[in-house]
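Single-structure report; data block below.
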Amino acid sequence: MGVFQSLIARFRAPVPPIDDTLWQHAVARVPLARALDAPRAHYLRQLAATFLHTKRFQALGGTELDDFWRLAIAMQASLPALPRGPRAFKGWTNVLVYPGEFNVRRSHYDAPTGVVTDSDDTLIGEAWDRGPMVLSLADVALDLEAPWDGFNVVVHEMAHKLDMLAGPANGVPPLPPSMNRRQWIDTMQRGFDRLSKAVDRGRRTAIDPYAAEAPEEYFAVTSELHFSQPALLREAEPNVAALLEAFYGPSPASHS
């Protein structure tokens with residue numbers, strides 16, 4: 001039994017299959033899925049069906065969310081989950097979808113002074129620890145129009161969800177037995193440190209400067225690059241690129 005067949009066998013509860021017409025329509029419009037090799041494309045369909053079966057979509061702010069958009073989100077969320085299967089979806093249920101950018105109010109407590117300050121952030125995506133994945137539908141649509149530009153909001157937030165399988169996000173997701181945790185930490189930390197220094201010095205960087213915000217953002221941003229612009233990642237950080245290929249498998253961009 002091959003690796004994908006054995007993973008499929010792990011599905012316990014009956015999962016409603018995805019309608020053939022809907023699937024073919026979605027594959028035609030989701031380039032990252034269309035570029036997969038045949039075995040992974042077959043398993044992606046099974047995994048996307050599980051995502052749709054186990055997640056509850058909520059359309060907020062007047063979002064028009066039909067079967068195609070739910071499936072397009074499920075397919076892109078399932079791409080980073082392919083090596084892990086349904087276990088990658090544990091610990092959360094809801095997918096909240098806004099029509100576009102959304103505002104989030106955050107409170108910051110300054111321990112030395114005891115002062116609490118509030119601020120509003122404008123976001124296109126967010127993943128809460130054991131909470132929902134939140135997405136801007138306008139940006140999901142943009143990623144379908146420009147699939148190889150290095151950005152993918154669903155992949156970014158799913159990378160955070162993988163990271164959170166081991167607790168609060170820190171850039172170190174649970175790794176398969178074939179990968180060395182110390183090597184992961186050292187390689188990702190060095191890449192993060194190089195980017196942070198370049199950003200601090202005001203230099204232009206190949207990797208989005210947002211990745212320098214925190215190690216968990218570095219992991220999520222480089223995950224986007226792995227799936228949608230791996231050549232840039234290989235040039236900027238070859239060791240990080242090799243690590244992510246070992247973690248996720250070959251990038252669909254290599255078949256585009």
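Below, all heavy atoms of this structure are taken into account, side chains as well, without hydrogens, waters or symmetry copies.
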Student check: side-chain heavy atoms of Phe227 and Pro252 closer than 4.5 Å | yes

Taking all heavy atoms of Leu44 and all of Ser78, pick out the closest pair and write down the distance.
-> CD1-CB, 3.6 Å

List for me each residue that meets side-chain hydrogen bond (donor to acceptor under 3.5 Å, both in side chains) alongside Ser136, sequence neighbours excluded, and say none if there are none.
-> Asp139

Does any N or O in the side chain of Asp163 come within less than 3.5 Å of the main-chain N or O of Phe219, such that one atom is a donor and the other an acceptor?
-> no

Taking only residues two or more places apart in sequence, or in another chain, which ones meet Ser228 in a side-chain hydrogen bond (donor to acceptor under 3.5 Å, both in side chains)?
-> none

Has the side chain of Asn180 got a donor or acceptor atom that lies under 3.5 Å from a matching backbone atom of Arg182?
-> yes

Does the Glu224 side chain pair with the main chain of Asn152, one donor and one acceptor, at a distance under 3.5 Å?
-> yes

Sidechain-backbone polar pair: Thr63 side chain, Val97 backbone, donor-acceptor under 3.5 Å = yes

Is the side chain of Arg45 donor-acceptor paired with the backbone N or O of Ile18 at a distance under 3.5 Å, no angle test?
-> yes

May I ask you to decide if Ala127's main-chain N or O and Glu157's side chain share a donor-acceptor pair within less than 3.5 Å?
-> yes

Look at Asp200 together with Lys197 and state whether they make a salt bridge at an N to O cut-off of under 4.0 Å.
-> no

Charged N to carboxylate O under 4.0 angstrom, Asp66 versus Arg70?
-> no

Report the C-alpha separation of Asp129 and Lys161 in whole Å, then their side-chain angles, then the decisive distance to 0.1 Å, and conclude whether the salt bridge (charged side-chain N to carboxylate O under 4.0 Å, His left out) test is met.
-> CA-CA 8 Å; Asp129 187 12; Lys161 285 297 187 183; over 6 Å; no

Indicate yes or no for a side-chain donor-acceptor contact from His160 to the backbone of Val155 under 3.5 Å, with no hydrogens or angles considered.
-> no

Assess whether salt bridge (charged side-chain N to carboxylate O under 4.0 Å, His left out) is satisfied between Asp37 and Arg40, documenting all intermediate values.
-> CA-CA 6 Å; Asp37 56 75; Arg40 291 199 297 164; 3.1 Å; yes

Taking every heavy atom of Ala81 against every heavy atom of Met158, the minimum-distance pair comes out as CB-CE, 4.5 Å

Using modelled atom types only, decide if a donor and an acceptor are shared between the side chain of Gln76 and the backbone of Ala72 within a distance under 3.5 Å.
-> yes

Residues, nucleotides or ligands: over 12 heavy atoms within 6.0 Å of Trp128 CH2 = no

Electrostatic pair Arg194:Glu237 at N-O distance under 4.0 angstrom = yes

Quick one: do Gln24 and Asp20 satisfy side-chain hydrogen bond (donor to acceptor under 3.5 Å, both in side chains)? Show the steps, please.
-> CA-CA 6 Å; Gln24 295 303 328; Asp20 282 341; 5.8 Å; no

Correct closest heavy-atom pair for Ala77 and Phe51 would be CB-CE1, 3.7 Å

Is it true that the NZ or CZ of Arg34 lies under 6.0 Å from the centre of Trp148's six-membered ring and within 45 degrees of the ring axis?
-> no

Check Phe247 against Pro174 and note the closest heavy-atom contact, atom names and distance.
-> CE1-O, 3.6 Å

Is NZ or CZ of Arg84 both nearer than 6.0 Å to the six-membered ring centre of Phe89 and within 45° of the ring axis?
-> no

